[in-house]
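All remarks here apply to the structure that follows.
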Number of protein chains: 2
Amino acid sequence: MDPSCSCELCELRELFVQNLDEENMEIICSGKVEKEYRTGEIIVKEGTRIQDFSYLKSGLVKLYRSDPSGREQIITIAKPMDYVSLLSVFSDKKYNYSVSALEDSVTCNLKMEDIRSLIHKDGKLALNLLGKMSRVADTIILESLEIRKKHLRGRVAYLLIYFSETVFYTKEFDLPLTRKEMAEYVGMTTENVIRTLSEFRKDGILKIYGKTIQIANMDSLRSISEFG
Amino acid sequence: MDPSCSCELCELRELFVQNLDEENMEIICSGKVEKEYRTGEIIVKEGTRIQDFSYLKSGLVKLYRSDPSGREQIITIAKPMDYVSLLSVFSDKKYNYSVSALEDSVTCNLKMEDIRSLIHKDGKLALNLLGKMSRVADTIILESLEIRKKHLRGRVAYLLIYFSETVFYTKEFDLPLTRKEMAEYVGMTTENVIRTLSEFRKDGILKIYGKTIQIANMDSLRSISEFG
DNA sequence: ACCCGGATATGATAATTATCATGACATGAC
DNA sequence: GTCATGTCATGATAATTATCATATCCGGGT
């Protein structure tokens with residue numbers, strides 16, 4: 001039993017450090033399970049009963065919903081230290097979205113029951129979780145509003161900036177999404193995502209080498225995202 | 001001091017009933033303040049510091065964001081017993097949306113500090129709030145995804161059904177939104193909302209008398225919302 | 001009563017976006 | 001290696017939606 005929880009960056013642990021004594025720490029950690037997933041693997045299936053409280057330890061995953069017609073909409077992308085099971089985790093018995101791995105990923109799963117009883121005992125932890133949930137929900141909602149009011153070029157620009165500044169912290173990175181997935185994220189068609197990327201390339205804003213994207217002119221991209 | 005909290009339907013009180021002893025009930029209720037607003041009045045201004053935990057006692061309000069350019073986007077509509085200050089209330093110090101009254105409304109405001117200290121003491125209350133927040137955030141996010149994938153007719157149909165089945169519980173009601181606000185809610189232009197309503201009227205789906213809407217053919221409307 | 005501003009309404013046109021068609025290219029199965 | 005499948009790519013066209021122009025209607029203020 002390792003009360004330091006073994007995952008060094010673990011945000012959950014950060015929460016615990018502020019609040020939990022050794023005993024409670026052990027309760028959580030003794031039930032902790034890590035799970036590995038390969039790129040493309042499904043981590044959570046819509047409609048499944050929620051059993052774990054889980055967050056992403058490494059990799060990248062998408063949260064999405066799929067139509068009866070088969071079309072998918074990506075709700076958000078979770079990166080390491082984001083919760084995988086945050087939405088609806090404390091409300092319903094079932095996931096109302098699916099999760100799958102965009103890259104090889106490792107999740108950290110805690111027993112829902114342990115978390116519940118901990119919150120029950122420890123109000124400070126509850127406040128932290130409430131705060132965190134507020135932020136996550138807010139972010140998703142506000143981003144969705146932002147995207148909705150943009151035109152195609154603005155949406156693609158927004159997405160590229162998002163990856164560059166929020167996920168990878170560099171101007172050159174491998175796109176973790178296919179063009180189809182990018183389209184599903186920002187609500188447009190695959191063809192138009194491709195076309196828009198081509199335009200950006202022709203305009204010298206991007207350099208594209210297969211899956212690798214290099215943002216050559218961040219200022220232009222930003223201005224397209226905001227105004228164009 | 002009235003520990004029964006005077007607002008009979010109060011959902012918050014429902015939460016409390018399960019969890020709070022008389023003493024805690026009094027803490028909350030002694031700090032409780034009701035505020036009245038006239039139609040059109042602004043209840044919360046984006047960027048303001050969050051001071052209260054408040055919910056709607058009666059009336060109807062809209063939560064919305066406004067651009068630098070002046071355009072507004074409606075995030076959601078809160079009806080009695082919905083929280084007015086739910087989003088971001090536990091996370092940031094400032095509201096990132098505005099709230100204004102669509103009808104004459106009364107809010108019930110509790111002191112943030114009281115709620116915090118209560119949660120701190122009472123884990124069961126925290127679990128209830130986490131559950132409620134999950135549900136609210138989920139609903140907003142999923143509705144926004146639903147709306148996004150529909151065409152104009154589908155969006156307007158969706159909105160009308162929403163009012164009919166979720167807010168007013170009748171097929172004939174007074175629209176609490178102007179056409180402009182309807183447009184801001186579902187992400188389309190005012191002209192197209194008007195046009196679409198006219199089409200519905202011509203098709204015999206709606207009867208429109210000024211602000212009063214009567215849904216004459218709910219089946220058609222539903223099928224337009226889902227498929228058309 | 002009148003005027004005024006905003007909301008409602010409708011048409012014509014322009015802009016945006018989706019759909020359909022086609023082909024190149026890559027990658028994994030065999 | 002070849003084949004097959006899916007992604008990437010681009011053009012032509014159709015559909016959808018926004019913009020602009022204009023007119024009517026209605027309620028509040030004087």
Side-chain angles (χ1 to χ4, degrees), chain A residues 38-41 62 67 69-74 100 102 147-160 174-203 206-213 224 227-228, chain B residues 38-41 62 67 69-74 100 102-103 147-160 174-203 206-213 224-225 227-228:
Chain A
R38 309 300 300 267
T39 303
E41 234 182 305
K62 63 173 176 177
D67 267 5
S69 72
R71 256 178 304 196
E72 294 181 356
Q73 286 182 293
I74 294 182
S100 78
L102 295 170
I147 287 173
R148 191 174 79 178
K149 70 182 175 198
K150 293 180 196 306
H151 285 181
L152 300 194
R153 285 167 65 88
R155 294 184 188 185
V156 174
Y158 183 89
L159 192 49
L160 294 172
D174 284 4
L175 268 177
L177 301 180
T178 64
R179 309 293 193 257
K180 180 160 171 288
E181 286 170 323
M182 292 178 69
E184 288 165 352
Y185 198 174
V186 298
M188 49 195 277
T189 56
T190 309
E191 292 96 321
N192 281 331
V193 167
I194 293 170
R195 251 186 279 270
T196 305
L197 286 173
S198 293
E199 281 174 32
F200 286 168
R201 177 170 45 70
K202 283 171 196 159
D203 295 347
L206 294 183
K207 290 185 177 152
I208 306 178
Y209 320 99
K211 282 195 94 60
T212 305
I213 294 273
I224 290 169
F227 312 107
Chain B
R38 309 300 300 268
T39 303
E41 237 184 304
K62 63 173 176 178
D67 266 4
S69 71
R71 255 177 304 195
E72 294 180 356
Q73 285 182 295
I74 294 182
S100 77
L102 296 170
E103 303 172 352
I147 287 173
R148 190 175 80 177
K149 71 182 172 196
K150 293 181 197 305
H151 285 181
L152 300 194
R153 286 168 65 89
R155 293 183 189 185
V156 175
Y158 182 88
L159 192 50
L160 293 173
D174 283 4
L175 268 176
L177 301 180
T178 64
R179 309 293 192 259
K180 180 160 172 285
E181 285 170 323
M182 291 177 70
E184 287 165 355
Y185 196 175
V186 297
M188 50 194 277
T189 56
T190 309
E191 293 95 323
N192 281 331
V193 168
I194 292 171
R195 250 186 280 270
T196 305
L197 286 173
S198 293
E199 281 173 33
F200 287 169
R201 177 170 44 69
K202 283 171 196 160
D203 295 347
L206 295 183
K207 290 185 177 152
I208 306 177
Y209 320 98
K211 282 194 94 59
T212 304
I213 295 273
I224 290 170
S225 167
F227 312 107

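Chain A is the first sequence line, chain B the second, and so forth, proteins listed ahead of strands; every chain is numbered from 1. Everything numeric here is computed off the predicted structure, so don't read it as measured data.
- B:R179 contributes no side-chain N or O that, together with a main-chain N or O of B:T190, makes up a donor-acceptor pair within less than 3.5 Å.
- Pairing each heavy atom of A:L177 with each of A:Y185, the nearest pair is CD1-CD1, 4.1 Å.
- Formation of a donor-acceptor pair under 3.5 Å by the B:R148 side chain with backbone atoms of A:R148 is not found in this model.
- Atom CZ of A:R153 and atom CD1 of A:I224 lie 4.5 Å apart (nearest 0.5 Å).
- In terms of heavy atoms, B:R38 sits closest to B:E41 at N-OE1, 2.6 Å.
- Taken over five-pair windows at either terminus, the axes of the helix from C:dA1-D:dT30 to C:dC30-D:dG1 are inclined to one another by 40° (rounded to 10 degrees).
- When the P atom of D:dA18 is taken as reference, atom CE of B:M188 falls 7 Å away, rounded to whole Å.
- Between the CE atom of B:M182 and the P atom of C:dA7 there is a distance of 15 Å, given to the nearest Å.
- In terms of heavy-atom proximity, A:S100 sits nearest to A:G40 at CB-O, 4.4 Å.
- To the nearest angstrom, C1' of C:dA18 lies 13 Å from CZ of A:R155.
- When all heavy atoms are compared, the tightest approach of A:F200 to A:A157 is CE1-N, 4.0 Å.
- Counting all heavy atoms, side chain and backbone alike, B:E181 lies closest to B:L102 at OE2-CD2, 3.7 Å.
- Regarding B:L177, its CG atom lies at a distance of 17 Å from the C1' atom of C:dG6, rounded to whole Å.
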Using a 4.0 Å heavy-atom cut-off, write out nucleotides 9-16 of chain D from 5' to 3' as B (base contacted by protein), S (sugar-phosphate only) or - (no contact). BBBB---S
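- Within the 4.5 Å cutoff, the side chain of A:V156 has heavy atoms near those of the A:M188 side chain.
- Rounded to a whole Å, the CZ atom of B:R148 is 14 Å from the P atom of C:dT17.
- Distance, A:D174 CG to D:dT7 C1': 16 Å, rounded to whole Å.
- Of the candidates D:dC8, C:dT19, C:dT8, the closest approach to any side-chain atom of A:T189 belongs to C:dT19.
- Residues A:E184 and A:K180 are paired through a salt bridge, judged by an N-O separation under 4.0 Å between the basic side chain and the carboxylate.
- Taking atom CG of residue B:L175 and atom C1' of nucleotide C:dT8, one finds them 13 Å apart after rounding to whole Å.
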For a quick check, with a 4.0 angstrom heavy-atom cut-off, what is the B/S/- contact string for nucleotides 24-30 of chain D, read 5' to 3'? -------
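- B:E199 has its CD atom 17 Å from the P atom of C:dT8, to the nearest Å.
- Nearest heavy-atom pair across A:L160 and A:L197 is CD1-CD2, 4.1 Å.
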